Structure formats: C-alpha cells, structure tokens
Amino acid sequence: MSPAPRLLIANRGEIARRVLRSARARGCLVAVVSTAADRGAPVRGEADRVFEVPGFLDGDAIVAAAAGWDAGLLHPGYGFLSESASFAAAVEAAGIAFVGPTAESMRRLGDKEAARRTAVAAGVPVLPSLGVDELASEPDPAAAVERAGVGFPCVVKAVAGGGGIGIRVVRRPEALAEALSVAASEARGAFGDDRVYVERWLDRPRHVEIQVLGDGRGAGIHLGERECSVQRRRQKLLEWAPGFGISADLRARMGEAALRLVIASRYRGAGTVEFLLEEDRTFHFLEVNTRLQVEHPVTEEIYGVDLVDAQLEIATGVWPAALPRPVSRAESFEPLSPFGAAFEARIVAESPRNGFAPSPGRIRRYREPEADGVRVDSGVVEGSPVPPGFDSLLAKVIASGESHGVAVTRLASALEGTVIHGVETNASLMISVLRHPDLLGERIHAGWLEGRIGELAASRLPSDVMALLEREGMADAVAAAAARRRTTAGAEVFRSLGRAEEFPRVEPGRRKGEVALSDSPVGDAGAVEALTVTATPLAGGRELAVTVAGETLTLPLSAEGEKATIRDDSGEIRAPLAGQVIRILDAGTRVEKGDVVAVIESMKMHWEIRAPVAGALENVAVERGQAVAANARLFRIFPSNAA
C-alpha cells in the first residue's frame with residue numbers, strides 16, 4: 001500500500017481551509033505554514049502538521065518546511081507568494097510539485113505588462129497603454145500618454161500583484177506625476193516591485209472573467225465566465241456566474257480569446273483571464289490571474305466541478321476525468337452550458353459607514369447560515385482573532401439556484417441569518433446590494449457601488465425597530481435575556497424603570513445569545529411584530545452588539561451610560577485604526593485642507609489620513625514603519641488662520 005500523498009498549504013484563512021477539504025477528500029496528509037501572529041487561526045487545529053515560519057512571504061522558510069516534511073505537493077492559495085515565479089521555481093527545484101503554473105508561464109502572464117504583450121501576439125483585444133520602459137524614458141509622461149493614444153482619464157497600474165493595490169485613476173494631466181509616484185510606492189511596499197504602466201481608463205465597464213485550466217503542454221479548456229462588477233476601490237465584493245446577459249456567442253468569443261493565452265503560454269492548472277466589457281459587447285483584455293481566484297466557488301456551483309481537486313490532479317500530471325478534454329486549438333473548444341446561477345458575497349472585517357476602515361479584533365460570536373442552496377467557505381470560528389496584519393476577508397457566503405433571481409434571494413436571506421460580533425463587517429451592505437433593483441435589473445458596472453455607498457451603507461432597519469432598540473433600558477433588558485434563559489430576565493429591567501407596560505416581552509430565544517421581543521406596544525414608536533435579535537456584550541460589558549436581520553448595532557449598556565462625546569479642539573490628529581505607518585509628512589510641512597498627511601496600512605489596505613484644515617504640521621509623534629494602536633496620537637496641525 002503506497003503512503004498517502006503529502007500536501008503543504010502555503011497560505012492561511014479561508015483558502016487554506018478550502019484547500020484542506022479537497023485534499024483530505026483525495027486522501028492527502030495536509031500540513032499548513034503559519035506565523036506567530038496567526039496562532040489563533042482554526043486551520044492550525046485542522047491540519048495534520050503546522051510549520052511556523054517568519055512570514056507568509058518567506059519563500060525560503062516555506063520551501064524548507066515542505067522539503068523537510070517530504071511534501072510531494074505545495075498549494076500556494078491566493079495572495080502572498082501564489083503568483084511569484086521565483087517561488088514556484090524554488091518549489092519545483094526542491095522536487096515538490098507546485099500546484100499552479102510553471103515559473104515561465106507565470107512570468108509571461110502574471111506580470112501585467114508581459115501579459116499584455118502575450119495577449120497582443122495571440123490576437124486578444126487590449127486597451128491602448130504606455131509601458132514601463134516608455135514611461136522611464138519620458139521627461140513628460142502626461143504628453144507621452146496623449147501621444148500614445150491612451151489619453152485622459154487613464155489609470156496607473158502596478159505591473160505585479162493585484163487586489164486593487166498600486167492602482168490610481170488619473171483624470172487630469174497635472175495629476176499624473178503624483179499618481180505614478182504613489183502607485184509605485186504602494187507596489188514596492190506590497191509586492192517588492194515598483195514598476196508601473198499606464199492604460200486607458202473606462203468609466204463604466206463591466207468586469208467579466210473567464211475560468212481557464214491548462215495541461216501545461218499547450219492545451220486547455222475554459223469553464224465560462226464570472227461577473228465581478230460590484231467593486232469598491234477595484235476590490236471585488238460580489239461575484240456571480242454566469243454573467244448577466246452573456247449570450248452563448250459572446251461566451252464562446254471571450255472563452256476563445258482566453259484559451260489563446262492558455263495555449264500560447266503552455267499554461268498549467270487553474271487560472272483566470274479577466275476582461276472589461278463595454279455596453280456594445282466589445283471586450284478588452286485586462287489581466288491574467290495565474291492562480292485560483294477568491295470567487296471560484298460560483299463556477300464550481302454552476303458547472304458541478306471541484307476546482308481545487310482539479311488543480312491537485314493536474315499538478316500530478318493527470319488531466320481530471322471530470323473535465324472536458326483539453327484542446328490545442330482555441331476555436332475548436334465547445335463551451336459547456338452552465339446550470340442555473342450562483343452568487344458569492346465576500347464578508348470582510350471592514351466598516352462601510354466609516355470609509356471601509358479595517359476592523360481587526362476578536363470574533364466574540366459567529367453564526368453561519370444554514371439553508372438549501374447555501375454554502376459557506378470561512379477562515380474563522382467563534383473566538384478567532386482577526387489580526388491587523390492580514391487581509392480582511394473572513395468568509396464567503398455562496399448561494400445557487402435555477403436562476404439569478406433565486407440565487408440572489410437565497411443569498412440575501414442567508415446573510416440576514418449571519419451573525420458576526422466583535423469586529424465590524426460589510427454584511428448589511430451586501431444585503432442592500434443584493435436587494436437593490438439595479439442588480440437583477442442588470443444595470444451594474446464596475447463603478448456602480450462607489451457612487452452609492454452612502455445609500456447602500458445606510459441602516460435598513462425600520463424606524464420603529466430602531467426606536468425600540470435605542471430606548472432607555474432596552475439594551476440592558478436584551479443583555480439580561482441573552483445571558484439568562486428565563487422569561488423574566490428582560491421584564492426585571494423594565495420594572496426597575498417603572499415602565500414595564502410600555503415595552504414588549506423580552507425573553508431568551510431558541511439559541512445561545514438569541515432574544516425574542518414580542519406581544520406588546522412600544523409607546524410612541526408604534527407596535528412591532530415579533531422580533532428576534534442576537535446579542536453579545538462587548539468592551540468588558542460596556543456595550544452590546546445586537547444583530548437584527550443581518551444588521552448589527554452597538555448599544556451602550558447602563559454601566560457605561562451615554563457614550564461620551566469627546567470634543568478635541570487641540571488640532572491633534574489620532575490614528576483611526578491600528579496598523580503600520582507607511583507614509584507621513586515631516587514636521588513643519590505646510591498642507592492644504594484635504595491633503596494626504598499620512599498613510600496607515602492595516603489588513604492589506606492603505607488608509608489615507610487627510611488634513612482637516614490648512615496649516616503646518618507640528619509635534620509629529622510617529623515615523624514611517626512604526627506600528628500604531630487605534631487612537632494613538634500622530635501629529636498636530638497648527639491652522640494657517642490661527643492667531
């Protein structure tokens with residue numbers, strides 16, 4: 001009997017747990033790499049072995065761990081080193097099969113500028129651009145952009161990496177120089193590569209991508225398209241398959257273009273070719289992701305495949321029997337027909353009502369939805385820490401059905417049944433997006449969400465429910481009922497106020513932390529129907545997180561009293577979140593209102609701190625590279641009009 005194959009997962013969070021599931025189903029022994037900062041990750045307790053390394057970008061330590069354990073396969077997940085050609089080469093040089101493309105394919109396609117050249121050679125349509133070398137030789141980049149036919153608006157893009165980092169939209173020639181500098185700085189910090197190029201910008205395209213798989217010998221297939229047009233800062237939040245209104249002919253044409261790249265690069269394994277789609281159905285090559293995508297589950301749901309299992313099989317040199325046979329001529333492939341539709345919502349630890357500020361912390365309550373047609377791929381459990389040094393993705397909730405409408409309804413209902421307390425999330429925002437008529441009305445484009453953040457992030461709760469929850473004593477009554485499984489728990493609070501008759505019954509619900517409100521009018525707010533809430537005390541019992549229909553509020557408990565409102569007229573600027581200072585101006589620098597004074601990186605996001613008034617910087621208390629806590633003092637601005 002041959003020993004079980006050994007797989008090392010060089011990643012964390014949701015994707016590490018996802019890969020582990022498929023590997024276990026294949027009978028693999030599974031190890032993961034991890035770090036000291038990620039010791040609370042649930043995948044560490046689920047794997048057969050854990051190798052602690054200095055960081056997820058330490059390729060030498062990861063390869064050494066895999067080789068020392070006699071791993072036969074290494075899966076990089078996505079992010080981190082998943083698109084590093086040098087890492088892929090080092091893995092295979094150590095005699096370990098890399099679950100992904102070869103280093104040579106990665107260099108040709110993972111580097112965005114090289115991918116454009118490959119696309120042009122393969123006859124794939126591209127947008128006008130100005131490359132790295134052309135920019136470097138130009139004393140006047142703005143003039144060169146006009147001469148090259150790119151024009152304004154244009155977009156500066158990092159050659160390496162992804163996730164919206166190193167991207168700046170430029171609408172005026174005079175803003176190009178700063179955008180080039182900032183994008184290069186972001187790319188250097190995130191990817192160790194500061195090369196950038198410029199491309200024509202489209203304001204209202206749809207973002208459509210093709211899932212491809214290659215055999216590494218010049219043949220491959222595609223599994224149709226996914227649409228990713230709900231984005232914030234070029235980061236995807238909602239994806240679905242198939243795309244809206246994509247005809248069989250358009251699917252075949254986009255798929256054929258994607259396959260030409262697979263064949264030309266002798267691509268191996270799973271990858272994604274991304275396109276921008278205009279209203280007239282003209283499409284343009286955007287980039288290739290030489291790895292598994294975050295949104296791969298929607299393709300799995302409508303084609304009945306396991307893409308991770310397919311990756312593992314291809315990495316061993318075997319073409320998966322569950323997939324169509326690969327073709328070496330793109331035009332000869334006959335696309336499969338999708339069954340039904342699927343949507344995926346990314347649940348991230350960010351605050352949509354606070355500019356999407358990252359929200360690290362610890363998850364105090366975690367409840368996933370359970371329903372037919374609903375799947376959850378998560379990286380956390382109740383009690384998990386959410387460290388500030390990693391991506392903010394907590395979980396993906398996926399719903400499928402016989403049509404887009406059925407899948408959307410299922411996903412919205414699933415999110416309404418999701419509870420995450422201890423960190424802020426975008427769950428309520430995603431419900432608003434799913435219930436917005438523009439979605440199923442097929443009026444979505446890549447800039448749609450950005451223009452509606454205020455509307456979509458607003459509370460969805462009826463005014464009478466909000467009034468009820470915010471009434472004096474209600475938070476204490478809910479907390480008492482959540483902690484004690486007795487019907488009288490809430491009533492005791494209201495009796496102590498002498499106003500019990502004005503409030504509904506507040507009693508423990510069916511599950512831990514659940515509270516039912518029913519049976520009584522609520523005074524001026526009118527009457528409410530039976531209401532179920534889930535509650536968790538936070539901040540040492542000073543606050544109560546309350547979730548109603550997928551929306552979470554934080555209410556003060558009586559021990560804390562009214563939340564203090566601190567008025568600070570000193571001009572001091574404090575850190576809005578924990579993270580690392582990656583940019584800050586020097587003391588004495590004069591700034592205008594709205595100028596970027598400092599940038600803090602947290603959970604792989606860059607958070608810009610802007611001057612609230614014009615003036616000069618004083619008392620700069622931090623420096624570049626320094627880690628800061630939330631509310632830490634950063635600097636003071638001495639206003640220009642001060643006496």
Side-chain angles (χ1 to χ4, degrees), residues 347 349 351-354 357 359-367 380 382-386 394 415-428 431 459-497 499-500 502-518 520 522-523 525 528 530-566 630-631:
I347 305 304
S351 173
R353 295 175 190 170
N354 188 27
S359 179
R362 183 177 295 276
I363 295 178
R364 302 297 179 181
R365 191 177 303 282
Y366 180 71
R367 182 180 299 158
V380 297
E382 192 159 294
S384 290
V386 181
L394 301 177
L415 292 179
E416 288 179 343
T418 300
V419 177
I420 302 176
H421 290 165
V423 298
E424 292 189 64
T425 78
N426 67 327
S428 181
I431 296 169
S459 174
R460 296 174 295 103
L461 295 180
S463 58
D464 57 349
V465 173
M466 288 290 292
L468 171 64
L469 293 174
E470 293 176 348
R471 293 195 71 177
E472 181 188 1
M474 180 56 74
D476 294 291
V478 170
R484 299 159 58 191
R485 303 195 67 80
R486 292 194 296 117
T487 302
T488 56
E492 289 175 352
V493 176
F494 298 135
R495 277 200 295 271
S496 71
L497 296 172
R499 298 159 58 196
E502 297 180 14
F503 289 85
R505 291 168 59 88
V506 182
E507 52 194 351
R510 295 178 294 105
R511 295 188 286 188
K512 181 181 177 183
E514 203 169 77
V515 177
L517 286 66
S518 60
S520 181
V522 292
V528 296
L531 190 68
T532 299
V533 305
T534 303
T536 306
L538 302 176
R542 298 188 302 275
E543 297 176 347
L544 188 72
V546 176
T547 295
V548 185
E551 180 162 343
T552 299
L553 312 173
T554 302
L555 305 173
L557 292 168
S558 61
E560 176 75 359
E562 290 294 320
K563 287 185 176 178
T565 301
I566 301 173
N631 206 41

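The basis for the numbers below is simple: all heavy atoms, side chains too, and nothing from hydrogens, waters or symmetry mates. Quantities reported herein were computed from a predicted structural model and do not represent experimental measurements.
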**Prompt:** For the residue pair Pro537 and Leu544, what are the closest heavy atoms and their distance?
**Reply:** N-CD1, 3.7 Å
**Complete:** Contacts of Thr532 meeting side-chain hydrogen bond (donor to acceptor under 3.5 Å, both in side chains) (sequence neighbours excluded), chain-then-number -> none
**Fill in**
Val506 and Ala481 have their tightest heavy-atom pair at CG1-CB, 3.9 Å
**Item:** Point-to-point distance, once rounded to the nearest 0.5 Å, from CZ of Arg362 to CG of Leu538
**Value:** 13.0 Å
**Prompt:** Side-chain contact, heavy-atom cut-off 4.5 Å: Ile420 with Thr552?
**Reply:** no
**Request:** Output, in order, the C-alpha distance, side-chain angles, deciding distance and verdict of side chain to side chain contact (heavy atoms under 4.5 Å, CB included) for Leu531 and Val548.
**Result:** CA-CA 8 Å; Leu531 190 68; Val548 185; 3.8 Å; yes
**Item:** Minimum heavy-atom distance Ala427-Leu415, with the two atoms named
**Value:** O-CD1, 4.4 Å
**Prompt:** Checking Arg367 side chain against Thr534 main chain: does a donor-acceptor pair fall under 3.5 Å?
**Reply:** no
**Asked** Can you list the steps and then say if Leu553 with Leu461 is a side chain to side chain contact (heavy atoms under 4.5 Å, CB included)?
**Response** CA-CA 10 Å; Leu553 312 173; Leu461 295 180; 4.1 Å; yes
**Request:** Before giving the answer on side chain to side chain contact (heavy atoms under 4.5 Å, CB included), spell out for Thr418 and Ile347 the whole-Å C-alpha distance, their side-chain angles and the decisive distance to 0.1 Å.
**Result:** CA-CA 10 Å; Thr418 300; Ile347 305 304; 5.7 Å; no
**Residue pair Val478 / Leu555, side-chain heavy-atom distance below 4.5 Å** = no
**Request:** Using a 4.5 Å cut-off on heavy atoms from C-beta on, say whether the side chain of Thr536 contacts that of Val419.
**Result:** no
**Message:** To the nearest 0.5 Å, what is the distance between CD on Glu416 and OG1 on Thr547?
**Reply:** 12.0 Å
**Request:** Could I get the full list of side-chain hydrogen bond (donor to acceptor under 3.5 Å, both in side chains) partners for Glu382, not counting sequence neighbours?
**Result:** none
**Gly513 versus Ala482, closest heavy-atom pair with distance** = O-CB, 4.1 Å
**Prompt:** Taking all non-hydrogen atoms of both residues, which atom of Arg510 and which atom of Glu514 are closest, and how far apart?
**Reply:** N-OE1, 3.3 Å
**Complete:** Contacts of Arg353 meeting side-chain hydrogen bond (donor to acceptor under 3.5 Å, both in side chains) (sequence neighbours excluded), chain-then-number -> Glu551
**Message:** Which heavy atom of Ala549 sits nearest to which heavy atom of Ile431, and what is that distance?
**Reply:** O-CD1, 3.9 Å
**Request:** Kindly indicate, with the supporting measurements, whether the criterion side chain to side chain contact (heavy atoms under 4.5 Å, CB included) is fulfilled by Met474 and Leu517.
**Result:** CA-CA 10 Å; Met474 180 56 74; Leu517 286 66; 4.0 Å; yes
